[in-house]
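Heads up, the thing below is written out as structure tokens.
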Amino acid sequence: MANSKGFKLSNPHLTGEDFLYHIGLSTNDNLAQRFGDVKFICMGGKASRMKDFANLIYKVLGKPKNCEFEASDNDEPVLKDLGASAGRYSYFKVGPVISANHGIGSASMSVVLHELLKLTHYSGCNDVTWIRIGTSGGLGIEPGTPVITEQSYNGLLEPCYKQVACGREIVYDTKTTADVAKNLLECAKRLNLPAMFGNTVGANDFFEEQGRLDGALCNHTEEDKMAFLKRAHDEFGVKNMEMESACFTAMCNRANTKCAVICVTLLNRLHGDQVNVAKEVLKSWENRPQEIVAEFIRSNC
Ligand SMILES: O=P(O)(O)O[C@H]1O[C@H](CO)[C@@H](O)[C@H]1O
Ligand SMILES: O=c1cc[nH]c(=O)[nH]1
């Protein structure tokens with residue numbers, strides 16, 4: 001059923017009271033008043049990254065109205081981690097933005113994505129843009145470069161995500177929204193930050209599915225690895241690999257919402273497997289997609 005603003009999730013069973021168990025909310029929690037103005041939902045693996053991003057947005061949007069703060073005696077308000085009571089994910093409401101972490105991999109991400117999609121549905125939101133802000137391993141590009149995904153591939157190098165439901169596999173589209181991707185690249189240029197378009201593998205594993213040789217267990221050779229990485233790069237235009245883009249884009253497409261994925265590369269996988277970047281460098285690279293997305297939100301508010 002469509003909500004009051006016409007946003008419709010394709011699930012005829014969403015008719016009654018609903019407990020969004022993993023994010024600690026329910027349809028009895030005054031959702032429309034608290035979340036009805038949300039226009040951007042930004043997600044990334046780490047809770048600390050998404051807290052930093054929420055604080056960055058608070059600053060960039062000039063202390064917007066409709067934030068959720070912790071009860072505090074301090075003059076300086078502290079954004080409230082709305083997921084703390086449920087204990088699974090961290091998420092923050094800052095003006096028109098929700099900043100949420102999703103953990104590692106599609107299994108963890110899909111749970112919070114289902115519940116946040118329902119949150120937007122029950123809150124009467126419309127025209128929400130969903131952006132994944134992450135890290136990745138690059139293919140043939142300078143480490144530290146944010147890649148803006150055009151098309152996500154699964155670990156079999158297929159341009160789709162396969163969702164299993166009731167013992168059957170259903171194939172979903174994994175393209176991102178071209179206008180949003182283009183706009184993000186323009187924002188990077190305005191900020192003088194490096195960024196490029198590319199295709200992204202959203203694998204179900206960090207080690208074997210991404211062709212690494214340095215997992216605890218490995219049955220493939222260096223030649224197998226290089227053939228896989230080169231095929232991804234040369235045949236499919238893959239510029240980076242991470243672990244959520246295929247599921248993320250598939251779910252956003254199914255929900256008819258705009259979506260983008262921007263992940264900074266931490267290494268060049270054609271040169272190795274280990275992520276051994278110094279902590280301060282890692283932090284500054286991790287900040288790049290956040291700055292680009294903050295500029296995107298600022299310029300589209
Ligand atoms: O930086 P985040 O968002 O966590 O994303 C990447 O990092 C994790 C693996 O280290 C995976 O979740 C991968 O997709
Ligand atoms: O190589 C990498 C780096 C970060 N995240 C991944 O999934 N892969």
Side-chain angles (χ1 to χ4, degrees), residues 41-54 56 88-91 98-113 116 130-149 152-155 157 161 174 176 198-216 218 225-226 228-230 232-233 238-252 259-279 281-293:
I41 299 194
C42 300
M43 304 178 75
K46 291 183 194 170
S48 60
R49 181 190 310 149
M50 301 323 289
K51 183 177 183 178
D52 289 350
F53 182 71
L56 176 66
R88 295 283 186 180
Y89 305 95
S90 283
Y91 69 105
I98 287 177
S99 176
N101 93 301
H102 56 57
I104 288 190
S106 300
S108 173
M109 192 214 57
S110 72
V111 173
V112 62
L113 189 45
L116 288 174
W130 294 71
I131 306 177
R132 170 166 142 71
I133 302 173
T135 62
S136 60
L139 292 191
I141 58 177
E142 190 63 29
T145 310
V147 174
I148 301 165
T149 304
S152 180
Y153 284 72
N154 64 18
L157 300 181
Y161 179 72
T174 50
T176 58
N199 293 335
T200 299
V201 166
N204 274 323
D205 168 43
F206 184 81
F207 291 101
E208 295 180 86
E209 203 165 310
Q210 295 185 30
R212 280 187 157 83
L213 299 168
D214 63 344
C218 181
K225 165 188 150 178
M226 291 314 290
F228 169 66
L229 296 182
K230 287 209 164 104
H233 181 269
V238 169
K239 293 277 190 291
N240 65 336
M241 294 187 170
E242 43 77 91
M243 294 178 56
E244 295 84 15
S245 60
C247 179
F248 180 78
T249 50
M251 287 183 67
C252 288
C259 66
V261 176
I262 176 167
C263 293
V264 73
T265 58
L266 303 181
L267 72 165
N268 181 352
R269 288 293 317 290
L270 300 181
H271 297 163
D273 292 343
Q274 296 261 303
V275 181
N276 54 9
V277 194
K279 280 207 181 75
V281 178
L282 185 67
K283 178 85 181 130
S284 78
W285 287 352
E286 230 184 302
N287 285 345
R288 288 178 174 175
Q290 295 183 48
E291 288 164 32
I292 295 167
V293 173

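Keep in mind that this is a model prediction, so the values were computed, not measured. Both ligands and their constituent atoms are indexed starting at 1 by order of listing.
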Handout entry: Stepwise side-chain contact (heavy atoms from CB on, under 4.5 Å) test for T135 and R49
Key = CA-CA 11 Å; T135 62; R49 181 190 310 149; 3.7 Å; yes
Exercise for the section: Enumerate the atoms of ligand 2 whose separation from the nearest heavy atom of M243 is less than 4.0 angstrom. Expected result: 7 (O)
Practice task
Using a 4.0 Å heavy-atom cut-off, say whether R132 meets ligand 1 through its side chain, its backbone, both or neither.
Solution key: side chain
Exercise for the section: Give me the one residue out of T176, I148, T149 that meets side chain to side chain contact (heavy atoms under 4.5 Å, CB included) with T200. Expected result: T149
Exercise for the section: Report yes if some N/O of R269 lies less than 3.5 Å from some N/O of ligand 2; otherwise report no. Expected result: no
Practice task
Can you pull out the closest protein heavy atom to atom 12 (O) of ligand 1? Residue, atom name and distance to 0.1 Å, please.
Solution key: E244 OE2, 2.6 Å
Completion exercise
Looking only at protein heavy atoms, what sits closest to atom 9 (C) of ligand 1 is F206 CD1, 3.7 Å
Exercise for the section: Would you give the length of the straight line joining atom CG of L56 to atom NZ of K51, rounded to the nearest 0.5 angstrom? Expected result: 14.5 Å
Practice task
Give the residue, atom name and distance (to 0.1 Å) of the protein heavy atom nearest atom 4 (O) of ligand 1.
Solution key: G45 CA, 3.4 Å
Exercise for the section: Identify the protein heavy atom lying closest to atom 2 (C) of ligand 2, giving its residue, its atom name and the separation to 0.1 Å. Expected result: G137 N, 3.2 Å
Handout entry: Backbone or side-chain N or O of E242 under 3.5 Å from ligand 2 N or O
Key = no
Problem - Numbered atoms of ligand 2 (with element) below 4.0 Å of L267, judged on heavy atoms - result: 1 (O)
Problem - Per atom 8 (C) of ligand 1, closest listed option by heavy atom (N101, I104, V261) - result: I104
Exercise for the section: Please identify which atoms of ligand 2 are closer than 4.0 Å to at least one heavy atom of F206. Expected result: 2 (C), 3 (C), 4 (C), 5 (N), 6 (C), 7 (O), 8 (N)
Completion exercise
protein heavy-atom neighbour closest to atom 1 (O) of ligand 1 works out as T135 OG1, 2.5 Å
Practice task
Please check if the side chain of R269 supplies one atom and the backbone of G137 the other of a donor-acceptor pair under 3.5 Å.
Solution key: no
Practice task
Evaluate the side-chain contact (heavy atoms from CB on, under 4.5 Å) criterion for residues S110 and M251: first the C-alpha distance (whole Å), next the side-chain angles of each, then the deciding distance (0.1 Å), finally the verdict.
Solution key: CA-CA 8 Å; S110 72; M251 287 183 67; 3.8 Å; yes
Practice task
Write out the residue and atom name of the closest protein heavy atom to atom 8 (N) of ligand 2, then the distance separating them to 0.1 Å.
Solution key: Q210 OE1, 2.9 Å
Practice task
Consider every N or O of M243 and every N or O of ligand 1, then say whether any pair is closer than 3.5 Å.
Solution key: yes
Practice task
Please state whether M109 comes within less than 4.0 angstrom of ligand 1, counting heavy atoms only.
Solution key: no
Problem - Within reach of ligand 2, part of R212 (heavy-atom separation under 4.0 Å) - result: side chain
